[in-house]
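One structure is given here, and the rest of the page talks about it.
All values below come from the heavy atoms of this structure, side chains included, with hydrogens, waters and symmetry mates left out. Residue indices begin at 1 and follow the sequence shown.
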Amino acid sequence: MTKKVFLTLLLWVTMFVSGNAQEKEKISQSPKLVVGIVVDQMRYDYLTRFYDRFGEGGFKRMVNEGYNCKNNHFNYVPTYTGPGHASIYTGTTPQNHGVISNHWYNKFGKEMVYCASDPSVKAVGSASELERMSPHRMKTTTVSDQNRLHTQMRGKTIGIAIKDRGAILPAGHTANGAYWFRGKDEGKWITSTFYRNDLPEWVKAFNESGKAKSYFKVWNTLYDINTYIESGDDNNEFEGGYKGKETATFPYDLAKLKDENSGYDIVKYTAYGNSLTADFAIAAVDGEQLGTDQITDFLAVSFSSTDYVGHNFGVNSKEIQDTYLRLDKDLERIFKALDQKVGKGHYTVFLTADHGAVHVPSYLKSIKIPAGYFDKDALKTKVETFVKSTFKVDSLIENMSNNQVFFSYEVLTKKGINTEDLQKAIAHFLLQEDQIDKVFTRKQLESTNYTSGIAALIQKGFNQKRSGDVIIVLDPATIAYSKTGSTHGSGLTYDTHAPLLFFGQGIKKGSTTQKTHIPDIAPTISALLGITFPNGATGEVLSFLLE
């Protein structure tokens, strides 16, 4: 072998070994902290509508330093808070994780149940019987669970939100803690015995600090209200408002209004609820020493007040605009704290929403866009009357909720009525009703594989064991809700199109209009960390945004 050939081979071997070493280092390198941020009821267009008003350190920092998935959607129905948070962190849909709504009818227990309620536990930090919560109704693991398993339970997980379900479902089954805000006359962050039997000292200190009480102040616009040209008139007929104030217009003196609006609960219904959440999240980073070693921790933060404000005032209100401008500053505070406490470039963040929201239908109607309001109680009476008249039997319908019809199988069996005959009869009847656009039966959803359109979304939200026997789809922009404020739940784009931003360690800079889906988030973070996917995951890894 000549010297030249020998040197060439030596160079090749050196490069090969070096490359493998670099690849090994890259595979085993994980951020010290993953921060998952869910903004409750955030439509994608809030990011673009208000973008020019945002500062450089919040939403814009994520867009400029990270990756923006511009065409991100929920791929199931219904688009509610419980299913949304569960789907983000489990990487699958209600078909598999089982959280089919916020509340649903338990056909085996013959009762309505709440997605986070758990009678086997007790509240910690409050004596209220209403705060007995855990994730036990969620059937699959979360990405945060998988990180705990992967690190032999050494990586911490903390969930935080004003809403209990917004803290509990993302934190998963193995969390070190999930904390939510008990309003009313208490104004405290609490947990349950599912996680621990007492509050940590840092939570006690935060509750005693008076921080929550400090938000009993005037809520006025952050900037001159006349510059809020990205939203509608402040004084209009499409908003709810607060008890004790005649008009839903700025400013709002929360100290004066609190007694007529359930005490500390009024803070939840303003932009200040997000600020309080940010305060508590920053305290959690210190109190739990998150991101201080090489073992990856998880901080799951959900900003609930955006949803409360949207429901009250609507998606086109001055109040919703001010809430997002203030949230932008709260995000900046969190990112600055993470830069200081964890280190810039040593943490990874994703931000998305649990659902969007519809424009107030009464507003849409005023500008000649098809929209409307649906009377679900009247429909229930019509269906029960039709079934009794057609089948000559009482009590065939056991429950109607969440746009689903549940049959009484005991009565069906006793009377010898064929289930499919009843499904078809009700479906045909419902399709004759105004404001009902589509109807799907259990038979259709169990025997047909839908791959596109609303049918595919319905199927991915259909849990064979927990869902009903007939599923109703209303006309676009038609809701069963009050004439003021916005709501959500459909498979239409105003409810499914949600932001998805990533930035930090392991994330490329860029953007895409390629369609992505909410269940893709957990597999993507799992791939970044090099851990097993959540056990029911059906989403795809968004490999194009990973370095």
According to the salt bridge (Lys or Arg N to Asp or Glu O under 4.0 Å) rule, which pairs have a member within [range], sequence neighbours left out?
| range | value |
| --- | --- |
| residues 142-162 | K156-E288 |
| residues 341-351 | D286-K341 |
| residues 311-325 | D322-R326 |
| residues 492-506 | none |

For residues 527-541, which side-chain donor-acceptor pairs fall under 3.5 Å, sequence neighbours excluded?
from : atom 1 : to   : atom 2 : distance (Å)
N535 : OD1    : T141 : N      : 3.1
T538 : OG1    : T92  : OG1    : 3.1

If a pair satisfies side chain to side chain donor-acceptor pair (under 3.5 Å) and one of its residues is in residues 514-530, list it, with sequence neighbours excluded.
-> N72-T516
Determine, using ring centers only, whether [Y] and [X] are less than 6.0 Å apart.
| X | Y | result |
| --- | --- | --- |
| Y46 | Y324 | yes |
| Y264 | Y215 | no |
| Y269 | F313 | no |

Kindly indicate whether the side chain of T174, heavy atoms from C-beta on, has any atom under 4.5 Å from the side chain of M153.
-> yes
Set of side chain to side chain contact (heavy atoms under 4.5 Å, CB included) partners for [X], sequence neighbours left out:
| X | value |
| --- | --- |
| S262 | K184, D265 |
| A278 | F303, D330, R333, I334 |
| D45 | R43, T48, R49 |

Residue pair F280, F181: steps toward the ring pair (Phe, Tyr, Trp, His ring centres under 6.0 Å) verdict = CA-CA 10 Å; F280 191 70; F181 187 68; 9.0 Å; no
With sequence neighbours excluded, what pairs up with E129 under the side-chain hydrogen bond (donor to acceptor under 3.5 Å, both in side chains) test?
-> R132
Tell me whether the guanidinium CZ or amine NZ of K60 lies under 6.0 angstrom from the six-membered ring centre of Y51 and within 45° of its axis.
-> yes
For D253, the salt bridge (Lys or Arg N to Asp or Glu O under 4.0 Å) test, sequence neighbours excluded, returns none
Could you pull out the closest heavy-atom pair between G489 and Y80, with the gap in Å?
-> CA-CE2, 3.5 Å
Give the ring-plane orientation class for W219 versus Y252, where under 30° counts as parallel, over 60° as perpendicular and anything between as tilted.
-> tilted
With H173 via ring pair (Phe, Tyr, Trp, His ring centres under 6.0 Å) - residues at least two apart = none
